[in-house]
2 protein chains.
Amino acid sequence: MPARVGEGATKRVPLSRERLLRSAIAIADERGNAALTMRSLAQELGVKPMSLYHHVANKEEILDGIIDVVFGEIELPPADAGWRSAMRHRAISARRVLASHPWATPLMESRTNPGPATLRHHDAVIGSLRAAGFSIQMTAHAYSLLDSYVYGFALQEAVLPFDRKTAPDVAGAIIAQFPSDEYPHLAELATEHVLQPGYDHGNEFEIGLELILDGLDRLLHPN
Amino acid sequence: MPARVGEGATKRVPLSRERLLRSAIAIADERGNAALTMRSLAQELGVKPMSLYHHVANKEEILDGIIDVVFGEIELPPADAGWRSAMRHRAISARRVLASHPWATPLMESRTNPGPATLRHHDAVIGSLRAAGFSIQMTAHAYSLLDSYVYGFALQEAVLPFDRKTAPDVAGAIIAQFPSDEYPHLAELATEHVLQPGYDHGNEFEIGLELILDGLDRLLHPN
DNA sequence: ACCTGAACACCGTTCAAGT
DNA sequence: ACCTGAACACCGTTCAAGT
């Protein structure tokens with residue numbers, strides 16, 4: 001009876017924290033935040049709910065874990081670029097990642113337990129600003145502003161029915177709800193801008209981003 | 001047997017949608033989002049859970065309702081001011097309201113059913129910008145940028161343990177977690193800025209806000 | 001070491017009944 | 001018209017047991 005373990009074994013691939021987190025993200029991506037339960041996760045993994053507790057202490061740890069995985073997907077600011085293009089690159093990557101996991105942004109609320117990928121990410125962004133000559137105080141201003149914008153935009157993208165392919169339908173239904181005489185400005189903006197054929201809410205992101213980067217540049221080089 | 005109703009009646013004040021929403025907000029404010037359940041709400045109101053369903057269709061309607069109440073607390077942009085001070089006033093009010101209901105911002109995720117106070121709020125902000133000479137397109141840019149910033153800042157405030165009275169303790173504990181050799185820039189920012197005596201994260205809000213207003217002003221009056 | 005059956009104290013919600 | 005008891009199909013988690 002050879003004691004070898006995991007060598008040519010035909011048994012099921014064993015559970016692991018990584019496999020668990022990957023499945024959890026898959027469920028949240030496909031069926032939303034509410035569908036991610038210990039029971040649904042266990043079923044997805046072909047296991048009983050109680051087995052999960054051998055790899056994580058509780059559901060909180062799973063939520064902390066998948067948020068850290070998401071942060072790990074965001075590209076770090078490239079070191080060989082100027083601060084401005086480095087910040088632009090990183091902000092655009094963050095927005096893309098958060099848009100692909102709409103459940104993640106609102107979940108950041110209760111997560112006060114940042115994981116290693118999250119800390120590494122923050123450290124790299126701060127380091128990039130410091131290397132570019134931002135004072136500690138200016139770095140704090142810049143990071144607070146940039147991250148608020150990125151998270152806030154992501155949060156709105158998760159809510160608004162605008163940028164979907166189905167935009168006209170959904171938005172049209174919403175418009176029907178508020179009579180234009182009661183909310184005239186909202187109706188005007190909707191019909192003459194949001195509902196126009198070429199409209200893509202995602203374009204707003206880079207416009208606001210450049211405005212913020214302009215402002216930071218001016219803060220760094222006052223003239 | 002007089003048929004008068006509610007005249008000098010000593011019986012319990014009857015349930016109503018308003019009373020229900022007010023209690024729901026009180027629970028969320030005091031004990032957090034997770035503590036707000038149909039059962040806890042019923043208990044707070046001195047009633048059985050099933051009675052709630054006489055005033056709302058389901059829990060979703062309660063969540064939609066309390067979000068709309070929160071929006072109603074945000075001051076509208078004053079009509080007698082210039083766009084810049086009107087936007088500043090409204091943004092500061094929004095941040096204050098969202099900070100006093102930390103459960104609200106992340107909840108806006110799933111709420112795709114804006115109530116009347118929410119619509120009135122949006123309509124007033126858009127109207128204020130339009131009246132100041134912003135084109136429809138510029139109004140869309142400005143509103144997207146301002147709201148992303150306000151919501152994102154509120155979301156971060158709900159997470160970060162910074163601006164609390166207990167900041168030094170909590171932040172100190174977090175610092176202890178990441179050794180300064182692994183996340184040197186994070187450690188530097190924490191020890192030399194965030195953990196300094198006079199630090200107040202809330203101050204960051206108005207700094208970023210002015211930068212954004214500067215940018216919008218420049219967009220409106222290019223020179 | 002890893003998995004699990006049964007159970008506990010919770011959820012939101014329905015349905016048929018009470019006044 | 002308004003409230004409710006009992007029940008259903010869910011939650012996350014514990015505990016004592018299986019291999």
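In the text below, chain A, chain B and the rest are named by the order of the sequence lines, each starting its count at 1. Only this structure's heavy atoms are used, side chains among them; waters, hydrogens and symmetry mates stay out.
Heavy atoms from other residues, nucleotides or ligands lying under 6.0 Å from CD of B:Gln196 number more than 12. Within a 6.0 Å sphere centred on CD of A:Gln137, heavy atoms belonging to other residues, nucleotides or ligands number 12 at most.
If you check the side chains of A:Gln156 and B:Ser148, you find a donor sitting under 3.5 Å from an acceptor.
Residues satisfying the side chain to side chain donor-acceptor pair (under 3.5 Å) criterion with A:Arg130, sequence neighbours excluded, are B:Glu188. B:Ile27 meets the side-chain contact (heavy atoms from CB on, under 4.5 Å) test with B:Arg31, B:Ala35, B:Leu36, B:Ser40, B:Leu41, B:Glu44; sequence neighbours excluded. Scanning for side-chain contact (heavy atoms from CB on, under 4.5 Å) contacts around B:Asp68 gives B:Pro116, B:Ala117, B:Thr118, with sequence neighbours left out.
Here C:dC2 presents its P atom at 14 Å from CG of A:Leu52, a figure rounded to the nearest Å. One atom, CG of A:Leu45, and another, P of C:dC2, lie 16 Å apart when rounded to the nearest Å. Atom-to-atom, NE2 of B:His54 to P of D:dA1 comes out at 10 Å; the value is rounded to the nearest Å. Spacing between atom NZ of B:Lys48 and atom P of D:dA7 amounts to 16 Å, rounded to whole angstrom units.
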- Task: Given ring pair (Phe, Tyr, Trp, His ring centres under 6.0 Å), test A:Phe71 with A:His122 step by step and report yes or no.
- Result: CA-CA 10 Å; A:Phe71 258 98; A:His122 289 144; 5.6 Å; yes
- Give the intermediate values and the outcome of salt bridge (charged side-chain N to carboxylate O under 4.0 Å, His left out) for residues B:Glu182 and A:Arg120. CA-CA 8 Å; B:Glu182 200 159 352; A:Arg120 198 177 316 123; over 6 Å; no
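One distance of note links CG of B:Leu21 with NE2 of B:His55; it measures 11.0 Å at 0.5 Å rounding.
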- Please, what dot-bracket string fits DNA chain D when only Watson-Crick and G-U pairs with both distances under 3.5 Å count, crossing ones use [ ] and pairs to another strand use |? ||.|||||...|||||.||
- Query: Which letters describe nucleotides 12-19 of chain C, given B = protein heavy atom under 4.0 Å from base, S = only from sugar-phosphate, - = neither?
  - Reply: BBB-----
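Of the side-chain N and O atoms in B:Ser51, one or more sit less than 4.0 angstrom from OP1 or OP2 of D:dT4.
Of the residues in residues 20-34 of chain A, none lies under 4.0 Å from DNA chain C by heavy-atom distance.
A donor-acceptor pair is defined here as one N or O able to donate and one able to accept, closer than 3.5 Å; such a pair exists between the side chain of A:Asn58 and the backbone of A:Glu61.
Evaluated for a side-chain hydrogen bond (donor to acceptor under 3.5 Å, both in side chains) with B:Glu75, the options B:His89, B:Arg90, B:His121 yield exactly one hit, B:His89.
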